[in-house]
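Here is the structure we will look at, set down as structure tokens.
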Amino acid sequence: MLRPELLLIFTRVAELSSFTQAADTLGLPKASVSKSVKQLEEAVGTQLLRRNTRRVVLTHDGQACYERCKDMLASFDDLQAMFRQGQTLRGRLRVDMSLGMAHRVVLPQLPQFLALHPALEIELSSTDRRVDLVADGFDCVVRTGPLDASDLVARPLGVLVQRNLASAAYLAVHGVPQTLDDLARHRLVHYATRLGVRSAGFEVEEEGGGVQRVPMQGSVTVNNSEAYGAACLAGLGLIQAPTIALRPHVDAGELVEVLPQWLAPGLPVTLLYAHRRQLPARLRVFMDWLAEVLAPYLAPPTSG
């Protein structure tokens, strides 16, 4: 018999890739967690998890079962909520977004959200690495930049305007560039998601949506947004970045905008989540809150 607690235990093991961690978070003995997963495997007639010396991974059937379990648990939660006073939101949400967005915008405002929904638990991943929403067990992710083709549901939130920034100390030594030709005498902090390659240079959005790239010299290449801003603050060169995480340094005069007439293309911000027969109420409410929290930092989504 497929009892809800078996589905819950299985999904927690799948998401944490560990029987021990799942047992800890659920407040159950590890033996009980292992027994519950075995009972579920016997009920569905297939192996759902593959165990090795380091972690637990989903089998192909296990991945399909995991997605179905999420739907069933969401339906069960919503059914229970129908008969609770005030429809209290319960459960856990796993979310991913960029470092700057998490640290500067979302986390400072999260206490107010959790005060309204104290029975919710939030697991917030903040990294510039693009996680796999389905395989890594995320309920939703906020993506900055162009999207890869996928079967995920995409909810456009807006666009992050990029600014050309340099530290006041750097400009005091090297001068303030006034034209694109002046960039030949300046340095750029290069950003690359994979070390070993360098960015194409200083980007300028052209009329009609094209991009002009101006090659620039530079001694430093970084692969995450925190290091990108820190390199600029250290006087290592110009950067092109949204100010969502750097606004305090701009307001303090530590970072200065240059060449405001030549900006890089804006970065679309999109909320992604998996197609589900039944979207949990807690996820719907959280995504609406997230969109509201980010709205003051975003320009309207571009059409097309």
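When reading the values below, keep in mind they use all heavy atoms of this one structure, side chains included, and skip hydrogens, waters and symmetry mates. Residue numbers start at 1 and run along the sequence shown.
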Checklist entry - Can R143 and V269 be said to form a side chain to side chain contact (heavy atoms under 4.5 Å, CB included), step by step? => result CA-CA 6 Å; R143 285 275 162 81; V269 177; over 6 Å; no
Next on the checklist: Quick one, D61 with R50, criterion salt bridge (Lys or Arg N to Asp or Glu O under 4.0 Å). Give me CA distance, side-chain angles, the key distance, then yes/no.
Outcome noted: CA-CA 11 Å; D61 289 339; R50 184 177 297 111; over 6 Å; no
Next on the checklist: Is there a side chain to side chain contact (heavy atoms under 4.5 Å, CB included) between H249 and L233? Walk through the geometry before answering.
Outcome noted: CA-CA 8 Å; H249 302 292; L233 283 166; 3.7 Å; yes
Next on the checklist: For V141 and V95: C-alpha separation, side-chain torsions, deciding distance, then whether side chain to side chain contact (heavy atoms under 4.5 Å, CB included) applies.
Outcome noted: CA-CA 5 Å; V141 301; V95 186; over 6 Å; no
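Ring centroid separation for the pair F286 and F113 comes in under the 6.0 Å cut-off.
Under the rule for a salt bridge (Lys or Arg N to Asp or Glu O under 4.0 Å), the partners of R94 that lie at least two apart in sequence or sit in another chain are E123. Residues satisfying the side chain to side chain donor-acceptor pair (under 3.5 Å) criterion with N224, sequence neighbours excluded, are absent altogether.
Expressed to the nearest 0.5 Å, how far CG of L238 lies from NE2 of H190 amounts to 11.0 Å. The distance from atom CG of N164 to atom CZ of F202, rounded to the nearest 0.5 Å, is 3.5 Å. Note: L49 CG to S17 OG = 9.0 Å, rounded to the nearest 0.5 Å. Atom OG1 of T270 sits about 4.0 Å away from atom CG of L147, to the nearest 0.5 Å.
T59 places a side-chain N or O within donor-acceptor distance of the main-chain N or O of Q47, the cut-off being under 3.5 Å. The backbone N or O of L48 sits less than 3.5 Å from a side-chain atom of E41, completing a donor-acceptor pair. Without hydrogens or angle criteria, T243 side chain to L246 main chain gives no donor-acceptor distance under 3.5 Å. Without hydrogens or angle criteria, T11 side chain to L7 main chain gives a donor-acceptor distance under 3.5 Å. No donor-acceptor pair under 3.5 Å is formed between the side chain of Q162 and the backbone N or O of L267. Under the 3.5 Å distance criterion, the side-chain polar atoms of Q240 are matched with a main-chain donor or acceptor of E203. Between the side chain of R155 and the backbone N or O of V153, no donor-acceptor pair lies under 3.5 Å. Side-chain N or O atoms of S34 include none that pairs as donor or acceptor with a backbone N or O of K30 at under 3.5 Å. Remark: the backbone N or O of V285 is not paired with any side-chain donor or acceptor of D288 at under 3.5 angstrom.
Nearest heavy-atom pair across A168 and G253 is CB-O, 3.6 Å. A102 and P108 make their closest contact through O-CD, 4.0 Å (heavy atoms, listed as atom of the first residue, atom of the second, distance). Of all heavy-atom pairs spanning L271 and L290, the tightest one is CD1-CD2, 3.9 Å. Nearest heavy-atom pair across R130 and P146 is NH2-O, 2.9 Å. What you find for R92 and D139 is that their closest heavy atoms are O-OD2, 3.9 Å. E257 and R163 make their closest contact through OE2-CD, 3.4 Å (heavy atoms, listed as atom of the first residue, atom of the second, distance).
A heavy-atom distance below 4.5 Å is not found between the side chains of V258 and L165. Side-chain contact between Y191 and T221 is absent, with no heavy-atom pair separated by less than 4.5 Å. Counting heavy atoms from C-beta on, the side chains of R51 and V37 come closer than 4.5 Å. Side-chain contact check for V159 versus P300: every heavy-atom pair is 4.5 Å or farther apart. Counting heavy atoms from C-beta outward, V211 and P265 have side chains that approach closer than 4.5 Å. Counting only heavy atoms from C-beta outward, the side chains of E205 and L263 never approach each other to under 4.5 Å. Using a 4.5 Å cut-off on side-chain heavy atoms (C-beta onward), S219 and R187 make contact. Contact annotation: the side chain of S36 never approaches that of F10 to less than 4.5 Å [non-hydrogen atoms, C-beta and beyond].
Around the CG atom of D251, the shell of radius 6.0 Å holds more than 12 heavy atoms that belong to other residues, nucleotides or ligands.
The aromatic rings of Y170 and H186 are tilted relative to each other, their planes meeting at an angle between 30° and 60°.
Following chains of ILVMFWY side-chain contacts shorter than 4.5 Å, one can reach V13 starting from L28, so the two form part of one hydrophobic cluster. A continuous path of hydrophobic side-chain contacts links I122 to V105 [ILVMFWY only; heavy atoms under 4.5 Å]. The hydrophobic cluster containing V189 does not contain L99, counting ILVMFWY residues as joined when their side-chain heavy atoms lie under 4.5 angstrom apart, directly or transitively.
The side chain to side chain donor-acceptor pair (under 3.5 Å) contacts involving residues 97-114 comprise H103-S126, where partners must be two or more places apart or lie in separate chains.
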